[in-house]
Amino acid sequence: MKARYRYRIYPTDQQQQSLAQLFGCVRVVWNDALALCKQSEKKPKSAELQKIVITQAKKTEERAWLDNVSCVPLQQSVADLEIAFKNFFDYCKGKRKGRKVGYPKFKKRTSSQSARLTRRGFSRSDDGGVYLAKIGILNPIWSRELPSEPSSVTVIKDCANRYFLSFVVEVQPIQIEAKNPGIGIDLGIKTFAVMSNGEKAESPSYKKLDQKVRKLQRKLARQPHDSKRRNVTRIRIAKLHNRIADTRKDFLHKLSTKIVNENQVIVLENLNVSGMVKNRKLSRAISQQGWYEFRTFCEAK
């Protein structure tokens with residue numbers, strides 16, 4: 001089975017400029033291909049889109065700078081758009097279950113940026129560095145070893161200006177003999193989880209961070225658009241959101257791993273979270289708990 005391993009990186013100033021150029025080219029290719037699909041009566045195939053928005057576009061003066069970056073992430077951007085359309089059409093036809101899949105959207109400069117490279121676009125060195133085509137050698141913080149050679153790598157820049165490398169690798173499932181036959185879990189707000197064996201799991205408190213987010217959001221609403229101070233406030237809000245998300249994800253990973261390792265069967269209630277968050281008084285508290293994310297972690301593990 002495939003899994004993702006993500007590591008933090010700290011690129012130099014020159015590498016940050018090269019990555020910004022790479023993200024911009026990937027974003028432009030995606031937006032050009034999506035605009036072409038919207039204008040056409042019949043959606044063009046991936047090969048046709050790559051020929052128009054990459055090969056032919058490089059010969060024009062408006063898109064000549066696409067030649068300054070590797071062609072691998074540009075081709076993968078069109079391939080990712082093809083997958084996005086396939087998921088949307090499968091959901092409309094009823095072939096894809098789960099969350100609603102919407103029509104592909106245009107990418108924005110202020111959103112999270114990413115570029116995916118296959119084996120032709122990157123390589124690993126013996127000293128622990130990762131070479132990206134036309135970017136240079138990046139040194140990830142290896143918090144854990146990769147179980148196998150990665151088939152692709154995605155370089156990510158989130159809204160808080162943090163950089164990551166995300167590798168796709170093949171992993172072998174580990175069979176663990178659980179000591180308990182089964183357990184039932186009741187999810188809540190004040191107490192995150194109450195187990196059928198009497199144990200309780202308290203979620204971390206997000207109150208102080210949430211109050212800071214609300215204060216900065218009010219400040220952001222008063223600042224003029226396209227101003228430097230508004231952009232600084234936006235980044236501060238993104239950093240606080242990341243702290244909340246990282247704290248929640250760390251708690252959910254540890255709890256789900258413990259439950260999966262100790263029990264053979266896990267019984268969870270089917271909660272209509274999307275319907276419950278329509279309650280204006282409880283929507284923020286419900287969203288911060290991450291019930292659906294916890295269920296996803298348990299199912300995956």
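Since the structure is predicted, the reported quantities are computational estimates derived from the model, not experimental observations.
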Ignoring hydrogens and geometry, is there a side-chain-to-backbone donor-acceptor pair from Gln50 to Ala79 under 3.5 Å?
-> no
Nearest 0.5 Å please: distance from the CZ atom of Arg236 over to the CD atom of Gln217.
-> 12.5 Å
Do Arg284 and Asn279 meet the criterion of a side-chain donor-acceptor pair at a distance under 3.5 Å?
-> no
Got a second to check how far Gln223's CD is from Thr233's OG1, nearest 0.5 Å?
-> 3.5 Å
Count the heavy atoms belonging to other residues, nucleotides or ligands that lie under 6.0 Å from NZ of Lys86, then report whether that count exceeds 12.
-> no
Are the charged groups of Arg230 and Asp226 less than 4.0 angstrom apart, N to O?
-> no
Can you find a heavy atom in the side chain of Phe122 that is under 4.5 Å from one in the side chain of Pro150?
-> yes
Over all heavy atoms of both residues, which pair between Asp210 and Ile244 is shortest? Give the atoms and the distance, please.
-> N-CD1, 4.3 Å
Do Arg162 and Asp246 sit within salt-bridge range, that is, some charged N less than 4.0 Å from a carboxylate O?
-> yes
Do Glu202 and Lys190 sit within salt-bridge range, that is, some charged N less than 4.0 Å from a carboxylate O?
-> no
Asp80 CG to Gln75 CD distance, which is reported to the nearest 0.5 Å | 12.0 Å
Are the side chains of Glu269 and Leu187 in touch, meaning some heavy atoms are under 4.5 Å apart?
-> yes
Report yes or no: do Arg116 and Thr154 form a side-chain donor-acceptor pair below 3.5 Å?
-> no
How far apart are the C-alpha atoms of Met195 and Lys200, what are their side-chain angles, what is the distance that settles it, and do they pass the side-chain contact (heavy atoms from CB on, under 4.5 Å) test?
-> CA-CA 6 Å; Met195 320 294 180; Lys200 294 183 180 180; over 6 Å; no
More than 12 foreign heavy atoms under 6.0 Å from CZ of Arg280: is that the case here?
-> no
Is there side-chain contact between Tyr5 and Tyr7, with at least one heavy-atom pair below 4.5 Å?
-> yes
Answer whether the closest heavy-atom distance between the side chains of Asn231 and Lys228 falls below 4.5 Å.
-> no
Where do Arg124 and Glu149 land on the side-chain contact (heavy atoms from CB on, under 4.5 Å) test, with the steps shown first?
-> CA-CA 9 Å; Arg124 297 175 61 195; Glu149 281 299 315; 3.4 Å; yes
Distance-only polar pair, side chains of Ser203 and Gln289, donor-acceptor under 3.5 Å = yes
Derivation of the salt bridge (Lys or Arg N to Asp or Glu O under 4.0 Å) call for Glu82 and Lys43 | CA-CA 10 Å; Glu82 185 75 13; Lys43 180 190 165 300; 2.6 Å; yes
Rounded distance (nearest 0.5 Å) linking atom CZ of Arg27 with atom NZ of Lys107 | 9.0 Å
For Lys212, look at atom NZ and say whether over 12 heavy atoms of other residues, nucleotides or ligands are found less than 6.0 Å away.
-> no
Any chance you could measure Ile54, atom CD1, to Lys59, atom NZ, to the nearest 0.5 Å?
-> 13.0 Å
How about Arg229: does its CZ atom have over 12 heavy atoms from other parts shown lying under 6.0 Å from it?
-> no
Donor-acceptor side-chain pairing of Ser256 and Lys301 below 3.5 angstrom | yes
Lys258 with Glu262: basic N within carboxylate O range, under 4.0 Å = yes
Does atom CD of Glu62 have more than 12 heavy-atom neighbours, drawn from other residues, nucleotides or ligands, at distances under 6.0 Å?
-> no
Taking Thr247 for the side chain and Arg243 for the main chain, is one N or O donor matched with an acceptor at less than 3.5 Å?
-> yes
Tyr103-Phe88 aromatic ring centre distance below 6.0 Å | yes
Measure the CG-CG distance between Asp32 and Leu81 for me, rounded to the nearest 0.5 Å.
-> 11.0 Å
Donor-acceptor pair, Trp30 side chain versus Lys105 backbone, under 3.5 Å?
-> yes
Are the side chain of Trp65 and the backbone of Cys25 linked by a donor-acceptor contact shorter than 3.5 Å?
-> no
Are Gln288 and Arg248 close enough that a side-chain donor and a side-chain acceptor fall under 3.5 Å?
-> no
Hey, any chance Ile156 and Phe23 share a hydrophobic cluster, counting ILVMFWY side chains that come within less than 4.5 Å of each other, even indirectly?
-> no
